[in-house]
Asks: 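Attaching a single structure in structure tokens format; questions to follow.
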2 protein chains.
Amino acid sequence: MDGREKRRRPTIADVAARAGVSVKTVSRVINNEPGVRPELADGVLAAIGELGFRRNPMASSLRSGRSTSTIGLIIEDLANPFYATVAAAVAGVARTHDTHLITVSSGEDPELERRQFAELCQRRVDGLIIVPAGSDHAYTRAEVEMGMRMVFLDRPPSGILADIVVIDNAAGARAGIVDLLEAGHRRIGVIVDSPAIYTARERLAGVREALAGAGVPYDDSLVRVGVADPEEAARAVAAMLDGGDPPTAFFAGNNRITVGAIRELCRRGDGAALTGFDDFELSSLMPRPLTIIGYDVQELGRAAAVRLFERIGGDTSWPAETVVPTRLLRRGLGQ
Amino acid sequence: MDGREKRRRPTIADVAARAGVSVKTVSRVINNEPGVRPELADGVLAAIGELGFRRNPMASSLRSGRSTSTIGLIIEDLANPFYATVAAAVAGVARTHDTHLITVSSGEDPELERRQFAELCQRRVDGLIIVPAGSDHAYTRAEVEMGMRMVFLDRPPSGILADIVVIDNAAGARAGIVDLLEAGHRRIGVIVDSPAIYTARERLAGVREALAGAGVPYDDSLVRVGVADPEEAARAVAAMLDGGDPPTAFFAGNNRITVGAIRELCRRGDGAALTGFDDFELSSLMPRPLTIIGYDVQELGRAAAVRLFERIGGDTSWPAETVVPTRLLRRGLGQ
DNA sequence: TCCCCTCTTGACAACGTTGTCTTCCATTGA
DNA sequence: TCAATGGAAGACAACGTTGTCAAGAGGGGA
């Protein structure tokens, strides 16, 4: 039993020979085309069962030029729970369309993203969902002209007009700041990721809008941008708390920053309020109260996939933007 | 710009016409086959660039009968961080082999797992990595005979001999219990998942071995099996603590159980020691000390993928078992 | 009875690529 | 000068399937 004797896979010709019909008749049975006498069809089905025949989808889609029953998803890192949830949701929708999902990670590298894009197009996937890492996506145009369908997720592309599904970043940040203002906070430390990132830009814009709306001045010493990891976030929190007139509340622009802030606040036993964008696993078990600006990540993936399959199904309407709402969640222990 | 004008994709025939050579010459250039004069090859490459030609991999693998440059991964749920990490690791290895990964979720449904398996075989993937949900995998034999390569991950299959990559469950559990015993605990509450699950069985066996080795009697009132979610785990902890002669330590058979146990212990402010199998995100931020029996999840996926590509590469040695070691980690705040 | 129409069924080509075999040309040695 | 040799290039078939079209059987109406 070393599996080396490799029986050849049966083809429709084998089935046809066994059932005593032509290959075309077998093809008709396989594809449920009308115009085959039931008794013949039964014979074909029996032969299929006996031989263990399965249609070769490559030959099929080569000849018919139709669907490959595959879509692609280009994300940054599948090991990141956010993207994993998106991928699971997309795969779920794909399954209802008898379609498989190929997921590739670009690791935020625009050049790799381009290569992955090209590879997936070469494979003739029926469509692509892309979380854009690079800043210019004009290179996708040639493929769009050749019929490739694309939906962008979480961030808008530039250089190309296409469907897009995003979170309501600005509104979420506004709501988070308004919530802090209503609790009486006037000095709010704001820590966000690099403004090169769309979501960080939008969220910071929401923060400024909310502050301006309440007549609270925007104090540069209370804003840190370009914070990329929990350690840096912790240092930023520490620096603000150690400064003169420290903030009584913090706004964290994403969950990595939130985690870093929690760590530093717990270390110090500081009671400052904390509101952070993006929920994360076990946020409700964090050892202090916090407010999360959350949203349905699954819904994000699902909406993108649904849109993509509408396109694949022939929808040629003008590209649309789908916005997934956010909501405030009280998390952490002692809340 | 509604993308309806769908330019036909160029084929090697188009390239050949443009370069003034035969299709076979183009094929030779594409595949780096020898025997093409450099000046002709340059002309072909120029034509490829001008037309934006890309080889159709379906036609290619249909004709040559070789690799589809695709492997499949069958897991329970991609949204689960454990499986997401495995998938990312497998995709990483696949990438070094210029291969794409199709990931499908079976949701622990053996029937769905069978269907997913059949679908992926139908696609002629080069190989499959399977986290088996069902209890009988004899149905995979027909495909193995036709040359399908498979590696099983995390749990062994039954009814088929194949490569397998698993965690050292029993040794990990033994080490966890020995650690508690050395800290002086003699009454250890043990909470594990259903013994229908291989990992739960193995871990429980490790627990018994460690207890027996230390001469500590196995007390049925301190063992709960078949615990499936954090809520049930919390109730199990509560019941044991409320009984007579409550345990001074708990062993949790997986991270869902660990989380439920933490929740209940924190709610009560109970100081019992806690050791749990499987690490999880932010375990170091849990509001109490705990010990984790951890392992390298990436390594699990990587090892399986490496084995699979060895098989795809032609390795026909006897199926082997790869065991990934565990290690004890001190986690939680206040450690 | 004959013609037309419908319904089954099959023969054949085509999808885009690659394996096999042949052809052609230049070069070499006698 | 001519046969032998070897390398480059192309003609053709084949992979497994499906679209197109034609052939044949059977039925109904004139």
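Throughout, protein chains are lettered first and strands after them, A, B, ... in sequence-line order, and every chain is numbered starting at 1. Basis for what follows: all heavy atoms, side chains included, without hydrogens, waters or symmetry-related copies.
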Asks: Enumerate the protein-to-nucleotides 22-28 of chain C contacts in which both atoms are nitrogen or oxygen and the separation is below 3.5 Å.
Replies:
none

Asks: Taking ring pair (Phe, Tyr, Trp, His ring centres under 6.0 Å) as the definition, give me every residue that meets it alongside A:Phe152, ordered by chain and number, with sequence neighbours left out.
Replies: A:His137
Asks: Might you point out which heavy atoms bring B:Ile160 and B:Arg141 nearest each other, and give the distance in Å?
Replies: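 Looking at all heavy atoms of both residues, the shortest contact is CD1-CG, 3.4 Å.
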Asks: Is it true that A:Arg9 and B:Glu145 make a salt bridge, defined as a side-chain N closer than 4.0 Å to a carboxylate O?
Replies: no
Asks: Are the side chains of B:Arg123 and B:Thr68 in contact, using a 4.5 Å heavy-atom criterion?
Replies: no
Asks: Bend across the helix from C:dT1-D:dA30 to C:dA30-D:dT1, to 10°, with axes taken over 5 pairs at each end?
Replies: 60°
Asks: Indicate whether any N or O donor in one side chain lies under 3.5 Å from an N or O acceptor in the other, for B:Ser61 and B:Arg124.
Replies: no
Asks: Considering every strand and a 4.0 Å limit on heavy-atom distances, what is the contact class for B:Arg124: base, sugar-phosphate, or nothing?
Replies: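 Nothing, no nucleic acid heavy atom in range.
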Asks: What residues form a salt bridge (Lys or Arg N to Asp or Glu O under 4.0 Å) with A:Asp126, not counting sequence neighbours?
Replies: none
Asks: Have a look at B:Gly35 and say if it touches a base, only the backbone sugar-phosphate, or nothing, with a 4.0 Å heavy-atom cut-off.
Replies: sugar-phosphate
Asks: Can you tell me if A:Thr103 uses its side chain to pair, donor with acceptor, with the backbone of A:Leu73 under 3.5 Å?
Replies: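 Looks like no, no N/O pair under 3.5 Å.
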Asks: Strictly below 4.0 Å, heavy-atom distances to any atom of DNA chain D: list the hits from residues 11-27 of chain B, or just say none.
Replies: B:Val21, B:Ser22, B:Lys24, B:Thr25
Asks: Across the strands shown, which category fits A:Arg9 at heavy-atom distances under 4.0 angstrom: base, sugar-phosphate, nothing?
Replies: nothing
Asks: What is the nucleic acid contact for A:Leu40, judged by heavy atoms within less than 4.0 Å: base, sugar-phosphate only, or nothing?
Replies: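 If one applies the 4.0 Å heavy-atom cut-off, A:Leu40 turns out to touch the sugar-phosphate alone, with no base involved.
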Asks: Could you list the residues that satisfy side chain to side chain donor-acceptor pair (under 3.5 Å) with A:His97, not counting sequence neighbours?
Replies: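 In terms of side chain to side chain donor-acceptor pair (under 3.5 Å), with neighbours along the sequence ignored, A:His97 is linked to no residue.
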Asks: First contact, last contact: which nucleotides of DNA chain D are these for chain B, 5' to 3', heavy-atom distance under 4.0 Å?
Replies: D:dA8 to D:dG16
Asks: Among residues 54-62 of chain A, which contact DNA chain D at a heavy-atom distance under 4.0 Å?
Replies: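 Contacts with DNA chain D under 4.0 Å: A:Arg54, A:Arg55, A:Asn56, A:Ala59, A:Ser60.
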Asks: If you compare every side-chain N and O of A:Arg37 against the phosphate oxygens of C:dC7 (OP1, OP2), does one of them come in below 4.0 Å?
Replies: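 Answer no for this pair, as no side-chain N or O of A:Arg37 is under 4.0 Å from OP1 or OP2.
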Asks: Side chains of B:Val165 and B:Val151: closer than 4.5 Å at any heavy-atom pair?
Replies: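 Touching, per the 4.5 Å side-chain cut-off.
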Asks: May I have all residue pairs that pass salt bridge (charged side-chain N to carboxylate O under 4.0 Å, His left out) and include part of residues 95-111 of chain B, sequence neighbours excluded?
Replies: A:Glu119-B:Arg95, B:Glu111-B:Arg115
Asks: Output all residues satisfying salt bridge (Lys or Arg N to Asp or Glu O under 4.0 Å) with A:Arg302, sequence neighbours left out; order by chain, then residue number.
Replies: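 If we apply the salt bridge (Lys or Arg N to Asp or Glu O under 4.0 Å) test to A:Arg302, skipping adjacent residues, the hits are A:Glu299.
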Asks: List, one per line, each side-chain donor-acceptor pair under 3.5 Å for residues 15-22 of chain A, sequence neighbours excluded.
Replies:
from: A:Arg18; atom 1: NE; to: A:Glu50; atom 2: OE1; distance (Å): 2.6
from: A:Arg18; atom 1: NH2; to: A:Glu50; atom 2: OE1; distance (Å): 2.8
from: A:Ser22; atom 1: OG; to: A:Lys24; atom 2: N; distance (Å): 3.4
from: A:Ser22; atom 1: OG; to: A:Thr25; atom 2: N; distance (Å): 3.3
from: A:Ser22; atom 1: OG; to: A:Thr25; atom 2: OG1; distance (Å): 3.3

Asks: Is A:Gln122 reaching over with its side chain to a backbone N or O of B:Pro57, donor-acceptor style, under 3.5 angstrom?
Replies: no
Asks: Which atom pair, heavy atoms only, marks the closest approach of B:Pro319 to B:Leu161?
Replies: CG-CG, 3.9 Å
Asks: Can you sort out the partners of A:Arg55 under side chain to side chain donor-acceptor pair (under 3.5 Å), two or more places apart, ordered by chain and number?
Replies: A:Asn31
